[in-house]
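This report concerns only the one structure given below.
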Amino acid sequence: MVKAKIAPSLLSGDFARLADECERMLGLGADYLHMDVMDGHFVPNLTLGAPIIKSLRKHTKGFLDCHLMVSRPEQWVDDFADAGADLFCFHYEATDDPQALIQRIHDKGMKAGMAVKPKTPIDTVYPFADELDQVLVMTVEPGFGGQAFMPECMDKVKDLRARFPQLDIEVDGGLAPDNIEVAAKAGANVIVAGSSIFKAESPGDVISFFRKTIDQAGTN
């Protein structure tokens with residue numbers, strides 16, 4: 001059974017206190033710190049880059065799960081490795097040679113993840129899955145936080161879990177207490193959530209609820 005991992009998205013945190021927000025999330029039980037990297041080209045929004053990751057690395061020992069929503073992700077591998085990223089997740093749609101990119105990420109000492117947009121068929125991942133540490137199934141169109149969860153994307157998660165039972169499958173976009181069970185039953189075990197954690201009255205309770213739901217789905 002794969003382990004439940006909860007990854008608060010710092011995109012929903014207070015950017016003026018980002019290091020404090022990271023430590024707060026870890027103290028509340030987070031497993032990963034999800035960093036949304038957007039370049040204003042692959043997606044229309046612009047967020048953060050390797051210099052901020054490097055600064056954060058000095059203040060946290062947390063697992064920095066870096067999701068690069070960028071064109072030409074190859075050009076950023078060295079920078080993110082040097083900055084201290086733990087996982088480098090690129091979009092299948094953004095590269096011409098996923099195999100070479102996965103190898104380069106591993107050669108730089110990072111875990112490798114591949115993300116797919118809602119409209120990208122999940123079988124595009126299959127040839128690379130055995131070499132990936134994580135696959136991210138987007139449940140919203142990438143680019144902005146606060147969007148509504150797309151349940152139709154759960155068929156991708158089901159298919160992926162059936163073929164690769166030990167793979168870490170991450171879902172990102174609109175995850176909240178009212179839909180986490182759907183994602184858990186489909187086979188997702190790494191949960192990215194921004195608004196539903198950071199805007200909750202008790203973020204720690206939300207993290208605990210997500211974990212309990214994933215664990216229960218894994219034992220049924």
Side-chain angles (χ1 to χ4, degrees), residues 3-40 42-49 52-53 55-57 59-69 85-87 89 113 115 117-118 134 136-154 157 168-186 188-217:
K3 180 183 177 183
K5 299 171 184 175
I6 313 304
S9 171
L10 273 297
L11 185 64
S12 294
D14 183 347
F15 269 41
R17 300 175 58 249
L18 211 49
D20 291 340
E21 292 282 61
C22 287
E23 293 307 285
R24 181 167 73 99
M25 290 297 111
L26 293 172
L28 292 172
D31 301 280
Y32 286 1
L33 299 169
H34 190 79
M35 311 305 297
D36 289 298
V37 180
M38 308 182 194
D39 65 354
F42 181 73
V43 292
N45 201 6
L46 187 66
T47 56
L48 54 85
I52 290 177
I53 299 299
S55 295
L56 280 177
R57 182 81 288 168
H59 299 282
T60 183
K61 294 182 179 178
F63 187 97
L64 297 177
D65 172 26
C66 299
H67 173 201
L68 278 81
M69 290 163 272
D86 293 291
L87 187 148
C89 179
K117 293 181 178 182
Q134 183 168 283
L136 168 53
V137 176
M138 293 298 298
T139 50
V140 298
E141 288 295 336
F144 293 92
Q147 299 182 65
F149 175 74
M150 299 169 66
E152 60 269 28
C153 295
M154 291 303 96
V157 176
D168 273 343
I169 301 176
E170 184 173 56
V171 287
D172 179 4
L175 274 301
D178 63 357
N179 57 39
I180 184 63
E181 187 174 2
V182 176
K185 287 184 175 179
N189 70 298
V190 185
I191 307 300
V192 177
S195 302
S196 65
I197 291 178
F198 280 92
K199 293 182 180 180
E201 287 187 15
S202 179
D205 287 346
V206 176
I207 291 172
S208 296
F209 181 73
F210 284 170
R211 188 185 314 283
K212 180 180 178 181
T213 306
I214 298 296
D215 288 342
Q216 287 178 337

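These numbers were taken from a predicted model, which means no experiment stands behind them.
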[X] side chain to [Y] main-chain N or O, any donor-acceptor pair under 3.5 Å?
| X | Y | result |
| --- | --- | --- |
| Arg57 | Gly62 | yes |
| Thr139 | Phe149 | no |
| Asp39 | Phe42 | yes |
| Asp86 | Leu64 | yes |

Quick one: [atom1] on [X] to [atom2] on [Y], what's the gap to the nearest 0.5 Å?
| X | Y | atom1 | atom2 | answer |
| --- | --- | --- | --- | --- |
| Leu48 | Met35 | CG | CE | 5.0 Å |
| Leu11 | Met38 | CG | CE | 5.0 Å |
| Thr47 | Met69 | OG1 | CE | 6.5 Å |
| Leu33 | Leu10 | CG | CG | 5.5 Å |
| Ile214 | Glu181 | CD1 | CD | 10.0 Å |
| Ile191 | Asn189 | CD1 | CG | 7.5 Å |

Test log, rule side chain to side chain contact (heavy atoms under 4.5 Å, CB included), inputs Asp65 and Lys5: CA-CA 11 Å; Asp65 172 26; Lys5 299 171 184 175; over 6 Å; no

Heavy-atom check, side chain of [X] versus side chain of [Y], under 4.5 Å:
| X | Y | value |
| --- | --- | --- |
| Ile197 | Met25 | yes |
| Ile207 | Pro8 | yes |
| Ser9 | Asp172 | no |
| Glu141 | Val43 | no |

Heavy-atom closest pair, residues [X] and [Y]:
| X | Y | answer |
| --- | --- | --- |
| Ala186 | Val157 | O-CG1, 3.5 Å |
| Phe63 | Asp31 | CB-O, 3.9 Å |
| Gly13 | Glu21 | CA-OE2, 3.5 Å |
| Ile53 | Cys66 | CD1-SG, 3.9 Å |
| Cys153 | Met138 | SG-O, 3.5 Å |
| His59 | Ala19 | CB-CB, 3.8 Å |

Distance-only side-chain donor-acceptor flag, His34 / Asp36, under 3.5 Å: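 Yes, side-chain donor-acceptor contact under 3.5 Å.
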
Pairing of Asp205 and Lys212 as salt bridge, 4.0 angstrom limit: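 No, this pair does not count.
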
Row check, Tyr32 ring normal vs Lys3 NZ/CZ: under 6.0 Å, within 45°: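 No; the conditions do not both hold, so Lys3 does not lie above the ring face of Tyr32.
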
